[in-house]
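Have a look at the structure below before the remarks.
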Amino acid sequence: MLSTFSGLPRTAWIIFAGTVVNRLGYLVTPFLVFFLSSRGIPTDQTPYILGALGAGNLIGPVLGGLLADRVGRRTTMLTGLLGTAAAQGLLYLAPNATTLALAAVLLSATGSLVGPAAGALLADSVPASRRRTAFSLSHWAVNIGTAVAGMLGGFLAAEGYWLLFAADVVSTLTYALIATLLLPRDATPSKPPAGEGTGYGVVLRDPLMRTLLPLFYVALVIYSLTEVALPLAIHDDGLSATTLGLMATLNAALVVALQPVATSVLSRFPQIPVYAMGSTLVALGVALTGVAHSTWAYAATVVLWSLGESMVGGIAGSIVASLAPAHARGRYQGAYQWTVGVGRFTALAVGTTVYTTAGPSFVWWTTAVAGTAAALTVTALSPSIARRTASPKLPLDPTRPKCDAELAA
């Protein structure tokens, strides 16, 4: 399966390896509710701590994109990784709900600093013709690490919650060491054109990004419903938590197995139609949860939306990277990662309320209609995206150190 990704620059593989190692330690967040209970935190205070964890994901990407463009990709990644390791320790040692919430904000904010910088570094290092494959590889790394972490977490939690925190710290510091030793040194930041600021105005003034980000947001909310509405539906049908665990395992196994195949087979087709088809499969697969009432029926819906996830993995990030001017790649990735955070936050914060008040049928029908409409709208934007990504970029500063792709050429 690795032949699918052959020929990518060294930097792409370093980010892949670091991401796998880092996600192997993604253990604390899934078990945070159980950890808080073991610390004697009242049930009515738990949502505040979980909300703080979600709020940090709205801060980190914005800051990460700015820092990636202003101080450098590797420096930003190291800041996020070292900050994450420190925040893990603070969260474990926090004595009460207030300090736990503050540590949770810090944990998610520092953790989400890394993504925009890594995405910008991929865009710097990989030729435009291979970015789709490179971002797919990065998405695959997340799923590989998360799949293994899901199996490891239950065992470690049974032995003691401190092991979850220790594993997270070790994996994060290992990625930091990999980045320090193997990633290229930060180049001199590209200067913006005269009259353009260094903030997110460059993204907000881009009409394509203003249109695409809300469409990506819809797709991300729908996918994140698998963390909220799927468990509620399984519970309503009287099925056990074991069924939910089986669905999570099935999704992870399918994406790990299918994404390299999907990337290889579908690479001959334009990425926008592939994205639209995959997003539609995700939306329909999640919507069909409403007609599933047995373990096998739920498994069938998981297969459908997992296939869609395998098709779209990395494409949105690749599109954003291709639209971004060289001097603003970090901020473009930061805007996209912020959209990811907002989408997940919306699903987790609003999904349960809508499901219980408006009813499950409303959630499933809205998912099908909104997801399909968003995919079709992205397809309609295909000519505009093609014109932008095919146009020449601003000339590079001749004093800037060459990236991997330029050196290879």
Side-chain angles (χ1 to χ4, degrees), residues 1-8 12-13 15-17 19-24 26 119 122 126 130-152 216 219-220 222-227 230 243-289 292 295-319 340 343-344 367-368 371-372 374-375 378-379:
M1 293 189 293
L2 291 178
S3 63
T4 300
F5 305 108
S6 63
L8 289 174
W13 286 104
I15 292 174
F16 168 81
T19 301
V20 171
V21 169
N22 194 32
R23 294 298 294 194
L24 287 174
Y26 186 70
L122 278 180
V126 180
R130 300 300 311 279
R131 282 181 189 150
R132 174 178 170 185
T133 302
F135 277 86
S136 177
L137 177 66
S138 183
H139 183 267
W140 192 42
V142 171
N143 280 282
I144 292 173
T146 303
V148 177
M151 295 182 285
L152 182 64
F216 290 155
L220 291 162
I222 290 172
Y223 179 78
S224 297
L225 286 175
T226 59
E227 299 181 58
L230 177 61
T243 301
L244 179 60
L246 289 173
M247 297 306 107
T249 302
L250 177 62
N251 166 246
L254 285 171
V255 174
V256 170
L258 293 177
Q259 186 162 347
V261 179
T263 301
S264 178
V265 172
L266 299 174
S267 61
R268 69 196 71 176
F269 301 102
Q271 62 182 354
I272 301 299
V274 173
Y275 174 84
M277 182 178 295
S279 294
T280 302
L281 285 178
V282 172
L284 295 179
V286 174
L288 286 172
T289 303
T295 300
W296 286 107
Y298 279 113
T301 66
V302 171
V303 168
L304 189 59
W305 56 260
S306 297
L307 177 59
E309 181 185 356
S310 301
M311 294 171 63
V312 304
I315 289 182
S318 173
I319 293 171
V340 174
R344 187 168 183 269
T367 294
T372 303
V378 172
T379 303

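Fair warning: this is a prediction, and the values are worked out from it, not measured in the lab.
- No donor-acceptor distance shorter than 3.5 angstrom exists from the side chain of Tyr275 to the backbone of Val312, with no hydrogens or angles considered.
- Met311 contributes atom CE, which lies 11.0 Å from atom CG of Leu258 (distance to the nearest 0.5 angstrom).
- Here the closest heavy-atom approach between residue Val126 and residue Ala134 is recorded as CG2-CB, 3.8 Å.
- Taking both residues in full, the closest heavy atoms of Thr289 and Tyr298 are given as CG2-CE2, 3.6 Å, listed atom of the first, atom of the second, then distance.
- When all heavy atoms of Val20 and Ala141 are compared, the pair lying nearest together is CG2-CB, 3.6 Å.
- For residues 250-264, every residue pair satisfying the side chain to side chain donor-acceptor pair (under 3.5 Å) rule, not counting sequence neighbours, is listed here: Ser136-Gln259, Ser136-Thr263, His139-Gln259, Asn251-Ser306, Asn251-Glu309.
- In this model, a donor atom of one side chain and an acceptor atom of the other lie less than 3.5 Å apart for Arg23 and Thr146.
- Taking CH2 from Trp305 and CG from Leu230, the interatomic distance works out to 6.5 Å, rounded to the nearest 0.5 Å.
- Nearest heavy-atom pair, Ser138 versus Thr19, reported as atom, atom and distance to 0.1 Å: O-CG2, 4.3 Å.
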Practice task
Check the pair Ile144 / Leu24 against side chain to side chain contact (heavy atoms under 4.5 Å, CB included), numbers first and verdict last.
Solution key: CA-CA 8 Å; Ile144 292 173; Leu24 287 174; over 6 Å; no

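- Atom CZ of residue Phe135 and atom CD1 of residue Ile15 lie 8.5 Å apart, to the nearest 0.5 angstrom.
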Exercise for the section: Check the pair Val286 / Thr301 against side chain to side chain contact (heavy atoms under 4.5 Å, CB included), numbers first and verdict last. Expected result: CA-CA 7 Å; Val286 174; Thr301 66; over 6 Å; no

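- The line from CZ of Arg130 to CG of Leu137 is 10.0 Å long, rounded to the nearest 0.5 Å.
- Of all heavy-atom pairs between Ala276 and Thr379, the closest is CB-OG1, 3.0 Å.
- When side chains are defined from C-beta on, Phe16 does not count as touching Phe5, because their heavy atoms never get closer than 4.5 Å.
- Residue pairs meeting the ring pair (Phe, Tyr, Trp, His ring centres under 6.0 Å) criterion with at least one partner in residues 254-273, sequence neighbours excluded, are absent.
- A distance of 15.0 Å separates CD1 in Ile315 from CZ in Arg131, rounded to the nearest 0.5 Å.
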Problem - Full working for side chain to side chain contact (heavy atoms under 4.5 Å, CB included) between Ser310 and Leu254 - result: CA-CA 8 Å; Ser310 301; Leu254 285 171; 5.7 Å; no

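- The two residues Gly371 and Ala283 make their nearest non-hydrogen contact at CA-CB, 3.7 Å.
- Residue Leu152 holds its CG atom at 14.5 Å from OH of Tyr26, rounded to the nearest 0.5 Å.
- Side-chain contact between Thr280 and Leu284: present, with at least one pair of heavy atoms (C-beta onward) separated by less than 4.5 Å.
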